[in-house]
Amino acid sequence: MRLADYTTVRLGGPARGFVRAGTENELIDAVRSADAAGEPLLILGGGSNLVVSDEGFDGTVVQVATRGVSRDGGPGVLTVAAGEDWDAVVARSVAEGLAGLECLSGIPGLTGATPIQNVGAYGQEVAETITAVRVYDRVTGDVHQIPNERCDFGYRTSRFRGAGRFVVLSVTFRLAVQVLSAPVRYAELAATLGVPVGGQVESAEARAAVIELRQRKGMVIDPADPDTRSVGSFFVNPVLDAPALAAVEAAARARSGPQARVPHFEVGDGLAKVPAAWLIEQAGFGKGYNPGDGARISAKHTLALVNAGTASTAALLALAREIRDGVRDAFGVSLAPEPVLVGVTL
Ligand SMILES: Cc1cc2nc3c(=O)[nH]c(=O)nc-3n(C[C@H](O)[C@H](O)[C@H](O)COP(=O)(O)OP(=O)(O)OC[C@H]3O[C@@H](n4cnc5c(N)ncnc54)[C@H](O)[C@@H]3O)c2cc1C
């Protein structure tokens, strides 16, 4: 079986072993058996943040297919099995009059993966509403809850990312019991909704607007739209200290003249986040950029690298390297990949 059939970018060679775990016990058993046999293990959710080598995975892939949503924890508390489709959970929360996830509408993948990179979009991230993550600990063999404050959530990261020690079994969210959305923080979304930043609308309205914005950018999976055959954003937005930002500003002025401005957002501690898409475009890689071997930049979003249909993982990574090196040469900033790379490096 080819992992290309299980990743949204439709790339990845064969897996030596493949187990679909429909219950929590099956999931834990499959992981325990692989670990006992010293077998390399890949936990697979929706495959929307995975770049797998053309050679495939020489070990066991365990596909998470557990189900169940519980509201037993009190008003606004939702405990969701790792295998539940994320967008269905967001849709349900909105339909049930719960706020806090509405801006995370339209993101592919499964709920169990959301804490891994602290999924975020349009001014919200799951770290704001997750109270605890229930895990199987591959080191101790125990099942236990990790409270939010011990998840080490940061921008597109957490203690779970890259570590492989914990298998997420379920995630508990505490949402606000209200028809209105959380305050809208993202300027583009606020403008679309016709409210000031910090304003509120009905959550259902926010969800619809987010999905529409995302569709325009090719950020909602649509089998009929080749621009969505991607892993979403390929690079994270770099967070720069003051000297690094000043160097980017100087490079921008040298390239485009004294009026050049570098867009950035203060993120505290004297640090600023610079949109990777802006750096990539300024370095000469526009939407639709196509070096011609099957991988190209989406025609709708500079950060999405897509498989035009005939790409290989090698071609996708060659494009990613070309972009990374171009940005580094132009601005001295080294872009880091957002997806999890399996059997390959950038
Ligand atoms: C079109 C598109 C748009 C996207 N937009 C966004 C966005 O706006 N914001 C954003 O943050 N991300 C976005 N993403 C990235 C991706 O959807 C998220 O990271 C998502 O949470 C990945 O979920 P998944 O189930 O597909 O995980 P997978 O890709 O299957 O796995 C990702 C990683 O998590 C691990 N993992 C998965 N499940 C578990 C588990 N139960 N326990 C332990 N480890 C696990 C895997 O081993 C792997 O390392 C986008 C992707 C696409 C294709």
Side-chain angles (χ1 to χ4, degrees), residues 3 6-12 21 24 27-28 30-31 40-52 57 59-66 80-87 89-90 101 103-127 133-138 146 151 153 155-171 186 189 210-211 213-215 217-223 225-237 298 300-301 303-307 337-343:
L3 287 167
Y6 295 89
T7 57
T8 54
V9 71
R10 301 278 160 216
L11 295 174
E24 214 171 273
L27 178 54
I28 293 170
V31 172
L41 174 74
L42 173 64
I43 304 288
L44 174 70
S48 62
N49 213 23
L50 280 177
V51 176
V52 181
F57 185 68
T60 299
V61 172
V62 177
Q63 184 188 33
V64 181
T66 54
V80 185
E84 287 284 343
D85 177 75
W86 173 248
D87 190 53
V89 171
V90 177
L101 302 180
C103 295
L104 303 174
S105 295
I107 298 177
L110 306 183
T111 305
T114 59
I116 308 289
Q117 70 155 1
N118 180 19
V119 158
Y122 292 97
Q124 270 176 5
E125 52 185 26
V126 289
V133 179
R134 208 163 121 270
V135 296
Y136 168 68
D137 184 336
R138 294 170 65 196
I146 302 185
C151 292
F153 286 125
Y155 167 57
R156 287 304 90 79
T157 191
S158 73
R159 73 181 291 186
F160 309 112
R161 195 180 154 110
R165 172 172 173 178
F166 300 109
V167 178
V168 175
L169 301 175
S170 64
V171 186
Y186 200 81
L189 178 60
V210 166
I211 289 176
L213 282 172
R214 294 184 66 95
Q215 277 168 337
K217 298 175 187 174
M219 284 288 163
V220 177
I221 298 284
D222 174 356
D225 179 356
D227 275 322
T228 70
R229 213 181 290 124
S230 77
V231 289
S233 299
F234 197 94
F235 295 105
V236 290
N237 294 320
S298 160
K300 303 189 178 79
H301 195 310
L303 270 187
L305 307 190
V306 305
N307 168 7
E338 182 182 306
V340 173
L341 307 183
V342 177

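Order of appearance sets the numbers: ligands from 1, and atoms from 1 within every ligand.
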Give the residue, atom name and distance (to 0.1 Å) of the protein heavy atom nearest [atom].
atom                    : result
atom 6 (C) of ligand 1  : Arg214 NH2, 3.7 Å
atom 15 (C) of ligand 1 : Asn49 OD1, 3.7 Å
atom 16 (C) of ligand 1 : Ser48 OG, 3.3 Å
atom 33 (C) of ligand 1 : Val340 CG2, 3.9 Å
atom 37 (C) of ligand 1 : Ala113 CB, 3.7 Å
atom 41 (N) of ligand 1 : Val168 O, 3.1 Å
atom 31 (O) of ligand 1 : Leu50 CG, 4.0 Å
atom 13 (C) of ligand 1 : Ile107 CG2, 3.9 Å

Show the nearest heavy-atom pair for residues [X] and [Y], with the distance to one decimal.
X      : Y      : value
Gly112 : Val171 : CA-CG2, 4.4 Å
Met219 : Ala304 : CE-CB, 3.7 Å
Ile221 : Thr228 : CD1-O, 3.5 Å
Phe160 : Pro115 : CD1-O, 3.9 Å

Tell me whether [X] has any N or O atom under 3.5 angstrom from an N or O of ligand 1.
X      : value
Gly47  : yes
Val64  : no
Gly45  : yes
Ile43  : yes
Gly120 : yes
Ala82  : no
Val119 : no

Cationic N near anionic O, under 4.0 Å, Arg161 to Glu338: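 A salt bridge is absent here (no side-chain N lies under 4.0 Å from a carboxylate O).
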Residue portion contacting ligand 1 (non-hydrogen atoms closer than 4.0 Å) for Trp86: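 The answer is neither.
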Ligand 1 versus Leu169: contacting region, heavy-atom distance under 4.0 Å: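 For Leu169, there is no contact with ligand 1 at all, from either part.
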Shortest heavy-atom approach to atom 1 (C) of ligand 1 - which of Arg165, Met219, Gln63: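 Checking each option, the heavy atom nearest atom 1 (C) of ligand 1 is found in Met219.
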Which is closest to atom 10 (C) of ligand 1 by heavy-atom distance: Glu125, Gln124, Gln117?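 Among Glu125, Gln124, Gln117, the closest heavy atom to atom 10 (C) of ligand 1 belongs to Gln117.
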With the threshold set at under 4.0 angstrom, would you say Arg161 reaches ligand 1 through any of its heavy atoms?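 No, that is not the case, since the closest heavy atom of the residue is not under 4.0 Å from the ligand.
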Please evaluate residues Asp227 and Lys217 with respect to the criterion salt bridge (charged side-chain N to carboxylate O under 4.0 Å, His left out), reporting the C-alpha separation (whole Å), side-chain torsions for both, the decisive distance (0.1 Å), and the verdict. CA-CA 9 Å; Asp227 275 322; Lys217 298 175 187 174; over 6 Å; no
